[in-house]
Amino acid sequence: MQIQTQTHIQKNTKHIIKATWLLAASLALVACAHYQVPASPTFAANSRWAVMPMINNSNTPLAAEKVEQILGSALYAKGINATFYPASQANDLASILDSHARQKKAQAWLDSQQFDYVITGSVEEWHYKSGLDGEPAVGITLHVQSAVDHVTQWRASGAQSGWGRESVSGVGQKVINELLKGLNVEQNQ
């Protein structure tokens, strides 16, 4: 009888340990991502969209340009064929890093175009964490506004860190896809 009780206790202890590990692993996965993604109004499928320059608040040069390209692909997958602002010809490092000049040129271009909506935003994080594993960390905010009256239609933000073998761009794509789940676009009939 005593042997059966000890065996029963050992089995229960193993189950408790497994359950504790599963709970800890689940909490670790949840703690790696934070999102604020409200549902947007429904945008017409035939709306004309422009992708404007993102603001780079990260410490990584050209992170905003990388996010813009991933965003364009993700929008296309969602049925939005957005037009990008014209790329400026940069001849030196100072002009590449001067986001104000890029914003100004893009706004001048936008003023001469006919679009319904503009999507832009900011990059808060785009780097590998320091340390042994060097996990990627990405933080992005997206902003949709009317091109005519500049009224904000939708805004969402998210941040996620990945695992040691993931790329920053891969995690960035996950963040953008998660954010765009809140962007409602009418489907073509």
>> Go through it in stages, so that I can follow the logic: the residues are Trp154 and His143, the test is side-chain contact (heavy atoms from CB on, under 4.5 Å), and I'd like the CA-CA distance, side-chain angles, deciding distance and then a yes or no.
In response: CA-CA 6 Å; Trp154 177 77; His143 179 102; over 6 Å; no

Residue pair [X] / [Y]: nearest heavy atoms and the distance that separates them:
| X | Y | result |
| --- | --- | --- |
| Val37 | Leu179 | CG1-O, 3.4 Å |
| Met54 | Glu68 | N-OE2, 2.7 Å |
| Pro136 | Val171 | CG-CG2, 3.6 Å |

Please check this pair: side chain of [X] against backbone of [Y], looking for a donor-acceptor N/O pair closer than 3.5 Å.
| X | Y | value |
| --- | --- | --- |
| Asn56 | Thr60 | yes |
| Ser40 | Asn184 | yes |
| Lys174 | Gln160 | no |
| Ser146 | Val148 | yes |
| Trp126 | Ser169 | no |
| Asp116 | Ser47 | no |
| Glu125 | Val123 | no |

Any side-chain heavy atom of [X] sitting closer than 4.5 Å to one from [Y]?
| X | Y | result |
| --- | --- | --- |
| Arg102 | Tyr85 | yes |
| Val144 | Val118 | no |
| Leu71 | Phe84 | no |

Atom [atom1] of [X]: over 12 foreign heavy atoms under 6.0 Å:
| X | atom1 | result |
| --- | --- | --- |
| Gln113 | CD | yes |
| Asp111 | CG | yes |
| Tyr76 | OH | no |

Honestly curious: do [X] and [Y] fall in one hydrophobic cluster under the side-chain, below-4.5 Å linking rule?
| X | Y | result |
| --- | --- | --- |
| Phe115 | Ile119 | no |
| Leu183 | Val51 | yes |
| Tyr35 | Leu180 | yes |

Roughly how far, to the nearest 0.5 Å, is the [atom2] atom of [Y] from the [atom1] atom of [X]?
| X | Y | atom1 | atom2 | value |
| --- | --- | --- | --- | --- |
| Leu110 | Met52 | CG | CE | 4.5 Å |
| Thr141 | Ile55 | OG1 | CD1 | 10.0 Å |
| Ile80 | Arg48 | CD1 | CZ | 14.0 Å |
| Lys78 | Gln187 | NZ | CD | 8.0 Å |
| Gln173 | Ser73 | CD | OG | 7.5 Å |
| Ser58 | Glu124 | OG | CD | 8.5 Å |

> Centroid-to-centroid, Tyr117 to Trp49, below 6.0 Å?
Replying inline: yes

>> Can you confirm whether or not the ring centre of Tyr128 sits under 6.0 Å from the ring centre of Trp163?
In response: no

>> With a 4.0 Å cut-off on N to O distance, would you call Glu135 and Arg165 a salt bridge?
In response: no

>> Taking Lys129 first and then Glu166, would you say they form a salt bridge - that is, a charged N and a carboxylate O separated by under 4.0 Å?
In response: no

> Which one of Val67, Leu142, Ile140 satisfies the side-chain contact (heavy atoms from CB on, under 4.5 Å) criterion with Val175?
Replying inline: Ile140

